[in-house]
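Hydrogens, waters and symmetry mates are skipped; everything else that's a heavy atom, side chains included, is used. Every chain is numbered from 1, with letters handed out A, B, ... down the list of sequences.
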Protein chains: 2
Amino acid sequence: MGITKTQMFNSDQNELAIIFKVLAHPARIAILQHISDQKACICNDIVTEIGLAQPTISQHLKELKSIELIKGEIEGKKVCYCINLEKWKEVQVLMNSFFDKAKLNCC
Amino acid sequence: MGITKTQMFNSDQNELAIIFKVLAHPARIAILQHISDQKACICNDIVTEIGLAQPTISQHLKELKSIELIKGEIEGKKVCYCINLEKWKEVQVLMNSFFDKAKLNCC
DNA sequence: TTTATATATTGCAATATTACGATAATAAAG
DNA sequence: CTTTATTATCGTAATATTGCAATATATAAA
């Protein structure tokens with residue numbers, strides 16, 4: 001159907017999946033790299049750096065904001081986006097705790 | 001368009017995005033947890049545990065196999081899936097190196 | 001060989017995502 | 001107030017994903 005049966009899974013599984021989904025696009029990876037490299041944090045500069053249309057970048061930024069990986073500060077008519085380090089670390093811990101649980105005890 | 005402009009991004013960005021995309025579904029998170037918890041590694045047991053239809057689970061397993069996070073061993077008429085620990089750790093390292101690069105040097 | 005069991009593949013309907021043009025909203029500059 | 005610059009939102013076309021019924025494939029059991 002194209003619709004994920006969210007109700008069949010627990011909230012941890014759904015939360016992790018949502019985080020992974022936000023990260024599951026090369027443009028969003030690139031945006032995060034540009035922001036954290038300080039190459040560009042102003043929306044329009046990111047548009048120039050990456051080369052997708054402005055509405056497309058704006059949409060990607062919105063998705064990154066939706067899980068609070070970045071925050072946008074309004075500076076006059078520009079918006080400066082930066083990494084939300086608190087959430088950033090939280091996400092990293094979450095992923096690592098998922099990965100650390102895997103054991104090699106299979107058949 | 002719905003099509004990702006892969007050619008605009010470098011191979012690291014695309015590789016990371018593909019890995020995140022495979023992980024971006026609660027059913028696939030659940031499957032990995034079941035396998036690594038040893039609750040179920042036989043395909044049909046996973047179907048019973050999770051409650052999605054057999055073809056659906058089979059498709060999710062295929063996607064997990066596509067990036068080699070799991071491998072499936074044929075045991076008679078059954079297939080035992082287990083975590084590919086080598087790739088598993090490789091993916092974890094890749095993610096951490098991405099997350100470790102973020103700095104708080106923004107405006 | 002026939003039947004039962006386990007998994008994979010195909011085809012399709014429902015829904016989601018990606019990208020962008022057009023346009024709205026907002027704020028600084030003139 | 002008007003213009004310009006920057007970002008967000010809306011609408012929409014193209015494509016991708018999800019889930020499952022039907023079916024194919026493969027092995028074991030009878």
Residues at least two apart in sequence or cross-chain that pass side chain to side chain contact (heavy atoms under 4.5 Å, CB included) with A/T48, listed by chain then number, are none
Sequence-distant partners of A/V91, side chain to side chain contact (heavy atoms under 4.5 Å, CB included), two or more places apart: A/I19, A/L69, A/K87, A/M95, B/F99
Rounding to a whole Å, what distance do you find between [X]:[atom1] and [N]:[atom2]?
| X | N | atom1 | atom2 | answer |
| --- | --- | --- | --- | --- |
| A/H60 | D/dA8 | NE2 | C1' | 15 Å |
| A/E63 | D/dA8 | CD | P | 13 Å |
| B/D45 | C/dT5 | CG | P | 15 Å |
| A/I31 | C/dT18 | CD1 | C1' | 13 Å |
| B/I46 | C/dA6 | CD1 | P | 14 Å |
| B/Q59 | D/dA21 | CD | C1' | 13 Å |
| A/L61 | C/dT17 | CG | P | 17 Å |
| B/I42 | C/dA8 | CD1 | C1' | 16 Å |

Near DNA chain D, under 4.0 Å by heavy atom, which residues of residues 12-25 of chain B? B/K21, B/H25
Between [X] and [Y] (side chain of the first, backbone of the second, donor and acceptor by atom type, cut-off under 3.5 Å), is there such a pair?
| X | Y | answer |
| --- | --- | --- |
| A/T56 | A/L52 | no |
| B/N14 | A/P26 | no |
| B/D45 | B/C41 | no |
| A/Q13 | A/N10 | yes |

Strictly below 4.0 Å: does B/Y81 bring a side-chain N or O up to OP1 or OP2 of C/dA6? no
Below the 4.0 Å mark, does C/dT7 have OP1 or OP2 next to a side-chain nitrogen or oxygen of B/N44? yes
Encode nucleotides 22-30 of chain D as B, S and - characters from 5' to 3', where the letter depends on protein heavy atoms closer than 4.0 Å: B to the base, S only to sugar-phosphate, - to neither. B----BS--
For A/L52 and B/K62, find the nucleotide of DNA chain C closest to each by heavy atoms; which residue's nucleotide sits nearer the 5' end? B/K62
In residues 57-64 of chain B, what donor-acceptor pairs under 3.5 Å come from side-chain atoms, sequence neighbours left out?
{"from": "B/H60", "atom 1": "ND1", "to": "B/R28", "atom 2": "NH1", "distance (Å)": "2.9"}
{"from": "B/E63", "atom 1": "OE1", "to": "B/R28", "atom 2": "NH1", "distance (Å)": "3.4"}
{"from": "B/E63", "atom 1": "OE2", "to": "B/R28", "atom 2": "NH1", "distance (Å)": "3.4"}

Assign each of A/T56 and A/K78 the nucleotide of DNA chain D bearing its closest heavy atom; nearer the 5' end lies the nucleotide of A/K78
Report yes if some heavy atom in the side chain of B/H25 is under 4.5 Å from a heavy atom in the side chain of A/F20; otherwise report no. no
By side-chain hydrogen bond (donor to acceptor under 3.5 Å, both in side chains) - contacts of B/N96 (at least two apart): A/Q92, A/N96
